[in-house]
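Please read all numbers here as calculations on a predicted model, not as lab measurements. Below, chain A is the first sequence line, B the second, and so on; all start at residue 1.
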Protein chains: 2
Amino acid sequence: MLNEVFPLTDDNRIIPNPQNMTELEQYIQSYFGVVDTEDLKTIVSLFTSTTIKKGEYLLKTGKRCDKLSFVQSGFLRIFAATEEKEVTQWISTKGYFTIDLSSFVFDTPSRWSIQALVDTELYSITKEDYKKIGDVVPKWRELEKLFLVRCFTILEDRIFSHLSMTAEERYNLFFAYNRELLNQVPLQYIASMLGMTPETFSRIRKKQLA
Amino acid sequence: MLNEVFPLTDDNRIIPNPQNMTELEQYIQSYFGVVDTEDLKTIVSLFTSTTIKKGEYLLKTGKRCDKLSFVQSGFLRIFAATEEKEVTQWISTKGYFTIDLSSFVFDTPSRWSIQALVDTELYSITKEDYKKIGDVVPKWRELEKLFLVRCFTILEDRIFSHLSMTAEERYNLFFAYNRELLNQVPLQYIASMLGMTPETFSRIRKKQLA
DNA sequence: CTAATTTCTTGATTTTTGTCAAGAGCGAAA
DNA sequence: TTTCGCTCTTGACAAAAATCAAGAAATTAG
């Protein structure tokens, strides 16, 4: 059983790579496509594991976003404050990569704050180390671009949902794909990310349960 | 005056590059950052000029998007049809690059239709030729990524506007930056891309003019 | 230039969503 | 356990936005 946790190389060196990192490998595979197994291990070795407690911030608006984080477990809320209220942009669950992309890439002050909604396990990579991936895995720059395009497309879809759907339709679409979130994070945040008030959310929810 | 139209190199070769292409060069510079002048000419030479008549389609939903187009003059409406109505996702004006990105990159059926709202001059590049840019200009892949990130950020902002603003606020924000569109394209399309009905748009407009 | 078509405006009305306020439910902490 | 704070729900009402319908204005086609 041991080598499931600490797999051995040909010459019996222990790879300093906890077993649960395998999940990160799997997600990288699924998001970025086929990468050589050795490369994958190199990439994953650049990530470091951290835990962030409920309520704590991974990033605050105005600070630089200097790392990319992968959610191993827990929930992160990405939001920004306006004069009147906080607006939740997204909630990251297991398997999501979370970042203020613009801040990370351009070294500008971040627009988003990122807060843990429960104790959350992360694997994070610094900007510096992230750059190394491109050197080690030449293919990476292309895979990264494809990943970006997929993210872009998701945002396009989300805009389309606001141009063409009612609050109730957005609710139904969201829960068709994110059923599990409903009982695990404060509903007010989901309401906000769907572009409605908590009261409207509550009423739609009641209607859908009936 | 001639060399404004056909600028001469040191050795008096005429660069086969119509004067108005310079504008495309300028936009590439401004979007993608500093590229060597020779490279820029190479890139621009891969584009071909076309004109598309009012009402004609550059792309239809379901077809492959096999080229990237730059708007030299005119207006393009990017939209998709739902059961009830057509939803305008964006209107491209002079200086915009227009594409169904997902279709172009992944060779999937395009989600958007693109139609000319007036006779429109375009510079287009095929997917095949676009790939060559990366070979000629090694830096291109990085510049392209930065451009993508900027586009991504714009979409994030747009989502935020739907999560946090009223129709009237979106109207005002839009016209702070796109005053010129108001008298040049059917207002119903602008209404749609801002996520409101033509009637609501008309009323807000009246209110703002008063 | 005129007729036809499309687009835009306006009013009346309905529907959707937001606001305000009160109370219920629930979990965390003393 | 009991209290405190936070979240969610509910009702009454207000505001925002959509719908429907008619007509005016603008544009296009003949």
Q: Quick one: list whatever passes side-chain hydrogen bond (donor to acceptor under 3.5 Å, both in side chains) with Gln89(B), sequence neighbours left out.
A: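 Gln89(B) satisfies side-chain hydrogen bond (donor to acceptor under 3.5 Å, both in side chains) with no other residue.
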Q: Report the C-alpha separation of Glu121(B) and Thr51(B) in whole Å, then their side-chain angles, then the decisive distance to 0.1 Å, and conclude whether the side-chain hydrogen bond (donor to acceptor under 3.5 Å, both in side chains) test is met.
A: CA-CA 4 Å; Glu121(B) 293 178 84; Thr51(B) 298; 5.4 Å; no
Q: Which of residues 155-163 of chain B sit near DNA chain C, with a heavy atom under 4.0 Å from it?
A: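 DNA chain C contact set from residues 155-163 of chain B: none.
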Q: Among residues 78-93 of chain B, which residues get a heavy atom nearer than 4.0 Å to DNA chain D?
A: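 Those residues: none at all.
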Q: Please state how far atom CZ in Arg205(A) lies from atom P in dT17(C), giving the value in whole angstrom units.
A: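 Taking atom P of dT17(C) as the reference, CZ of Arg205(A) is at 18 Å.
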Q: Can you give the donor-acceptor pairs under 3.5 Å from side chains of residues 27-35 of chain A to other protein atoms, not counting sequence neighbours?
A:
| unit_1 | atom_1 | unit_2 | atom_2 | d |
| --- | --- | --- | --- | --- |
| Gln29(A) | NE2 | Val35(A) | O | 3.2 |
| Ser30(A) | OG | Tyr27(A) | O | 2.9 |
| Tyr31(A) | OH | Gly95(A) | O | 2.6 |

Q: Are Tyr171(B) and Phe201(B) an aromatic pair, judged by ring center distance below 6.0 Å?
A: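 Aromatic pair counts; centres sit under 6.0 Å.
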Q: Could you report the tightest heavy-atom contact between Val118(A) and Thr120(A), atom names first, then the distance?
A: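 Result for this residue pair: O-OG1, 2.7 Å.
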Q: With DNA chain D as reference, determine whether Lys54(B) or Met196(B) sits nearer its 5' end, using the nearest nucleotide of each.
A: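 Final value for this comparison: Met196(B).
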Q: Could you walk me through whether Ser45(A) and Thr42(A) pass side-chain hydrogen bond (donor to acceptor under 3.5 Å, both in side chains), step by step?
A: CA-CA 5 Å; Ser45(A) 73; Thr42(A) 309; 5.6 Å; no
Q: Kindly check if the number of other-residue, nucleotide or ligand heavy atoms within 6.0 Å of CD (Glu84(B)) is above 12?
A: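 Buried by this count: over 12 neighbours within 6.0 Å.
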Q: Could you please spell out the steps behind the side-chain hydrogen bond (donor to acceptor under 3.5 Å, both in side chains) verdict for Gln115(A) and Tyr189(A)?
A: CA-CA 12 Å; Gln115(A) 185 185 33; Tyr189(A) 300 135; 5.1 Å; no
Q: Any heavy-atom pair between the side chains of Arg141(B) and Glu144(A) that's under 4.5 Å?
A: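 Side-chain contact under 4.5 Å: no.
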Q: Between Ser110(A) and Ser103(A), does a side-chain hydrogen bond (donor to acceptor under 3.5 Å, both in side chains) hold up when you go through it step by step?
A: CA-CA 5 Å; Ser110(A) 73; Ser103(A) 176; 4.9 Å; no
Q: Tell me: CG of Leu194(A) to P of dG18(C), nearest whole Å?
A: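 Atom CG in Leu194(A) sits about 11 Å away from atom P in dG18(C).
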Q: Any idea how Phe47(B) and Phe97(B) line up, ring-wise: parallel (<30°), tilted (30 to 60°), or perpendicular (>60°)?
A: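 Ring orientation, 0 to 90° scale: tilted.
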Q: Is it true that a side-chain atom of Ser113(B) and a backbone atom of Thr61(B) form a donor plus acceptor pair closer than 3.5 Å?
A: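 Answer holds: yes.
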Q: Where each residue is assigned the nucleotide of DNA chain C containing its nearest heavy atom, which of Arg203(B) and Pro186(B) is assigned the position nearer the 5′ end?
A: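 So the residue in question is Pro186(B).
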Q: Just the rounded figure in Å: distance from P of dT15(C) to CD1 of Ile204(A).
A: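 It works out to 17 Å between those atoms.
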Q: Would you say the side chain of Leu148(B) lies within less than 4.5 Å of the side chain of Leu101(B), judging by non-hydrogen atoms?
A: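 In contact.
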Q: Can a side chain N or O of Thr200(A) be found less than 4.0 Å away from OP1 or OP2 on dG18(C)?
A: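 Indeed, a polar side-chain atom of Thr200(A) lies that close.
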Q: Figure out the CG/C1' separation between Leu182(B) and dC8(C), and round it to whole Å.
A: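 Value for this atom pair: 12 Å.
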Q: Specify the residues of residues 166-174 of chain B, ordered by number, for which at least one heavy atom lies under 4.0 angstrom from an atom of DNA chain D.
A: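 Only Thr166(B), Ala167(B) qualify.
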Q: Return yes if the base of dC8(C) and the side-chain atoms of Gln188(B) contain a donor-acceptor N/O pair under 3.5 Å, otherwise no.
A: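 When only heavy-atom distances are counted, Gln188(B) does not reach the base of dC8(C) through any donor-acceptor pair under 3.5 Å.
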Q: Starting from C1' on dC8(C), measure out to CZ on Phe201(B) and report it in whole angstrom.
A: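 Spelled out: CZ on Phe201(B) to C1' on dC8(C) is 11 Å.
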Q: Whole-Å distance between dG27(C) C1' and Asn183(A) CG?
A: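 From Asn183(A) CG to dG27(C) C1': 15 Å.
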Q: How are the rings of Phe79(A) and Tyr57(A) set to each other: parallel, tilted or perpendicular (split at 30° and 60°)?
A: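 Plane angle between 30° and 60°, so tilted.
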Q: Extract, from 5' to 3' on DNA chain D, the first and final nucleotides lying under 4.0 angstrom from some heavy atom of chain B.
A: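 It runs dA17(D) to dT28(D).
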Q: Is the phosphate of dT9(C), meaning OP1 or OP2, less than 4.0 Å from a side-chain N or O of Lys206(B)?
A: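 It does not, given that no N or O in the side chain of Lys206(B) lies less than 4.0 Å from OP1 or OP2 of dT9(C).
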